[in-house]
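All values derive from a computational prediction rather than experimental measurement. Letters A, B, ... are given to chains in the order of the sequence lines, protein chains preceding strands, and every chain is numbered from 1.
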Amino acid sequence: MAQKPSIPKGTRDFSPSEMVKRNYIFDLIKDVFRLYGFQPIETPAMENLSTLMGKYGEEGDKLLFKILNSGDFISKVSDEALAEKNPNKLTPQISEKGLRYDLTVPFARFVVQYQNEITFPFKRYQIQPVWRADRPQKGRYREFYQCDVDVIGSNSLLNEVELVQIIDDVFSRLKINTVVKINNRKILAGIAEIVGENERITDITVAIDKLEKIGLEKVNAELAEKGVSDLAIERLQPILALEGSSVEKAAQLEKILEKSETGLKGVGEIEKLFSYLGQLGLNTDIELDLTLARGLNYYTGAIFEVKAKDFEIGSICGGGRYDDLTGIFGLPNVSGVGVSFGAERIYDILAQLNLFPQKTADTTKVLFANFGEKEEAYCLPVLAELRKNGINSEIFPDKAKMQKQMTYANKKEIPFVVLAGESEIQANSFTLKNMETGEQKSLSAGELIKILSF
RNA sequence: GUGGUUGUAGUUCAGUCGGUUAGAACGUCGGAUUGUGGUUCCGAAGGUCGUGGGUUCGAAUCCCAUCAUCCACCCCA
């Protein structure tokens with residue numbers, strides 16, 4: 001036998017039955033996005049490396065898939081660069097394109113590029129695959145889809161409110177119990193300021209992000225290891241120990257952060273957001289979580305993360321406000337906010353919890369059995385008529401044994417089979433068989449179409 | 001990038017102490033049944049035991065390397 005074919009690490013094929021389920025998720029999410037006035041865009045799978053590099057931190061740059069230049073790319077490389085074997089120097093000479101790492105940065109590029117054609121605020125959604133050269137593991141792939149919604153060109157907190165409503169709407173429809181965790185980068189910045197470690201905001205947030213997972217002691221150890229002073233760690237303790245409802249936490253923070261202008265601004269934003277959301281009667285729980293940091297370093301305001309309550313899989317949706325993402329591309333002072341739904345993890349949850357709907361409109365409703373040439377000709381006009389009426393139908397393409405044709409219908413879960421052979425042609429009729437009950441009826445072409453239209 | 005796990009038929013897995021011709025179930029195909037399926041019965045096809053090297057009279061089995069895989073960490077959806 002020839003060598004067994006395979007696909008690259010961390011990628012997957014999707015079978016017809018998987019696609020039906022995936023489309024259920026995508027369609028549902030799109031429906032909600034449109035409901036709030038968002039419009040679709042698409043961008044290319046590959047971007048110029050200059051667009052991508054440096055936007056996701058050092059770690060992110062390493063995880064970018066880079067595309068080799070075409071043609072005789074190696075002869076153009078200088079001998080020193082080759083001899084040095086330094087990837088940072090060599091890579092720019094042999095690769096100038098990369099696969100997109102997320103949808104937000106390409107979106108920022110899009111906005112800057114078409115700024116004169118776009119009407120702001122610009123509300124767009126985008127559902128496309130992204131690629132990361134990460135080691136795959138559970139719930140983690142090298143190619144996966146993101147479903148992004150962003151609104152750019154508006155500072156209003158109303159956008160944050162709407163995004164939480166969208167999250168609530170999507171997961172209510174999917175029947176997944178979730179909790180939306182909300183924090184604000186300005187609060188985190190304020191904390192770093194109060195504690196006296198302004199410079200170390202990233203180290204501090206990354207460390208406290210792990211609080212729930214590794215515990216207070218290890219977080220403190222990691223902070224010390226990163227070079228945060230003992231005094232700062234000590235000052236941090238009361239903040240990490242904050243308890244109570246989201247509103248109560250915010251009130252306490254107001255006091256703690258009273259000397260930090262940024263921090264107070266963040267608290268103010270949080271209070272307003274929670275007050276609006278409180279009036280909306282959401283199905284989803286929302287809570288202020290000070291340990292929520294989120295890795296991507298372009299966030300500047302609110303940050304969101306959604307976790308499933310009944311399933312351990314990490315976050316299934318996340319996002320936040322970024323005040324200056326387009327600045328790097330030459331369009332400063334444009335604020336945006338958005339969230340991204342992780343379709344693959346949502347799929348895993350729905351599959352495990354058996355929450356996919358049983359019936360879908362995607363599959364074939366009726367199969368015409370094939371008895372031979374004369375019978376084919378007899379069936380074709382009716383088949384065409386059924387399709388005109390929007391009924392998914394097909395005819396078995398070969399004159400095969402009944403058993404094979406029936407098995408085909410079973411495997412594809414086709415609920416009806418039409419039998420039309422010699423005797424039906426004589427009687428100018430069709431036999432409709434219900435594959436679930438086994439019941440058979442003799443019908444005229446008109447009756448057949450009428451019955452199947454339901 | 002770091003640590004570990006597992007690689008045997010299309011799939012899930014057996015395979016004893018290293019022993020001669022590597023098994024099962026499911027799936028596939030054919031037949032019982034030339035116009036009636038899901039159940040049943042019979043039969044068949046399907047293998048470089050991940051790959052390369054080593055030890056041995058003899059390796060799916062032991063050793064080394066390599067590739068792949070899954071899991072955890074870093075990070076993240």
Side-chain angles (χ1 to χ4, degrees), chain A residues 1-12 15 25 56-64 87 100-104 127-148 202 205-207 209-210 213-214 218 222 225-226 292-297 304-308 313-319 338-349 367-372 375 396 399-425 430-440 442:
Chain A
M1 200 215 286
Q3 195 193 357
K4 264 190 219 171
S6 64
I7 53 174
K9 186 197 291 220
T11 65
R12 292 152 302 158
S15 68
I25 297 173
Y56 311 104
E58 222 175 290
E59 199 72 34
D61 283 353
K62 275 193 238 162
L63 298 179
L64 282 171
R100 73 165 100 79
Y101 181 89
D102 71 358
L103 299 177
T104 309
I127 298 180
Q128 291 190 273
V130 303
W131 293 269
R132 297 185 187 178
D134 211 352
R135 277 241 185 131
Q137 55 181 275
K138 198 184 182 77
R140 220 155 140 181
Y141 306 97
R142 287 186 147 182
E143 177 186 67
F144 61 97
Y145 275 72
Q146 287 193 331
C147 313
D148 271 32
T202 310
T205 53
V206 167
D209 188 37
K210 294 175 192 160
K213 206 169 176 183
I214 63 176
K218 284 188 179 165
E222 183 165 329
E225 195 189 319
K226 288 268 164 70
L292 173 63
R294 296 200 52 80
L296 298 175
N297 51 19
F304 308 102
E305 188 161 288
V306 181
K307 289 200 162 176
I313 197 169
S315 81
I316 52 178
C317 175
V339 295
S340 176
F341 290 80
E344 331 290 337
R345 289 183 177 177
I346 292 173
Y347 181 99
D348 287 347
I349 293 172
L367 172 77
F368 282 67
N370 191 322
F371 291 100
E375 290 85 349
F396 200 85
K399 184 194 175 192
K401 288 177 56 175
M402 238 348 83
Q403 175 165 295
K404 189 172 169 71
Q405 302 197 34
M406 288 299 190
T407 306
Y408 177 84
N410 283 331
K411 283 278 159 64
K412 277 187 90 169
E413 292 181 354
I414 300 173
F416 295 101
V417 169
V418 168
L419 301 149
E422 196 75 33
S423 49
E424 279 84 358
I425 295 178
F430 294 86
T431 299
L432 179 69
K433 182 181 178 77
N434 180 325
M435 290 299 276
E436 213 171 313
T437 61
E439 193 187 340
Q440 291 188 191
S442 180

Strictly under 3.5 Å: I want the nitrogen or oxygen pairs between protein and nucleotides 25-28 of chain B, one per line.
unit_1 : atom_1 : unit_2  : atom_2 : d
U28(B) : OP1    : K411(A) : NZ     : 2.5

Any donor-acceptor pair under 3.5 Å from E344(A) side chain to Y145(A) backbone: yes

Any K62(A) side-chain N or O less than 4.0 Å from OP1/OP2 of C74(B): no

Distance-minimising heavy-atom pair for R12(A) and I7(A): CA-CD1, 3.6 Å

By ring pair (Phe, Tyr, Trp, His ring centres under 6.0 Å) - contacts of F371(A) (at least two apart): none

Side chain E436(A) and base G38(B) donor-acceptor under 3.5 Å: no

Sugar-phosphate only, base, or nothing, as touched by S315(A) at under 4.0 Å among non-hydrogen atoms: sugar-phosphate

Distance, P atom - from A9(B) to G4(B), rounded to whole angstrom: 27 Å

N434(A) side-chain N/O to E439(A) backbone N/O, donor-acceptor pair under 3.5 Å: no

Counterpart residues, side-chain hydrogen bond (donor to acceptor under 3.5 Å, both in side chains), relative to R142(A) (two or more places apart): none

Spacing of the P atoms in G46(B) and G30(B) (rounded, Å): 16 Å

Pairs touching residues 408-423 of chain A that satisfy salt bridge (Lys or Arg N to Asp or Glu O under 4.0 Å), sequence neighbours left out: K374(A)-E422(A), E394(A)-K412(A)

Same-atom distance (P) from A77(B) to U12(B), integer angstrom: 31 Å

Restricting both atoms to N or O, compile the protein contacts to nucleotides 66-71 of chain B shorter than 3.5 Å, with distance only.
unit_1 : atom_1 : unit_2  : atom_2 : d
C71(B) : OP2    : K138(A) : N      : 2.9

If you restrict it to nitrogen or oxygen atoms, what contacts under 3.5 Å exist between nucleotides 41-43 of chain B and the protein, and what is each distance?
none

Find every protein N or O atom lying less than 3.5 Å from an N or O atom of nucleotides 30-32 of chain B, and list the pairs.
unit_1 : atom_1 : unit_2  : atom_2 : d
G31(B) : OP2    : K401(A) : NZ     : 3.3

Pairing residues for R345(A) by the salt bridge (charged side-chain N to carboxylate O under 4.0 Å, His left out) criterion, not counting sequence neighbours: none

C1' gap between A32(B) and U69(B), integer Å: 43 Å

Touch class at under 4.0 angstrom, heavy-atom based, for Y408(A) against every strand present: nothing

Residues in ring pair (Phe, Tyr, Trp, His ring centres under 6.0 Å) contact with F430(A), at least two apart in sequence or another chain: Y378(A)

For F144(A), ring pair (Phe, Tyr, Trp, His ring centres under 6.0 Å) partners two or more places apart: none

Where RNA chain B forms stems, i.e. three or more consecutive Watson-Crick or G-U pairs with both distances under 3.5 Å: B:1-4 with B:70-73, B:10-13 with B:23-26, B:28-32 with B:40-44, B:50-54 with B:62-66

G38(B) base / N410(A) side chain donor-acceptor hit below 3.5 Å: no

Main-chain N/O of M402(A) paired with Q405(A) side-chain donor or acceptor, under 3.5 Å: no

Pairing residues for A308(A) by the side-chain contact (heavy atoms from CB on, under 4.5 Å) criterion, not counting sequence neighbours: I176(A), F311(A), I316(A), I349(A)

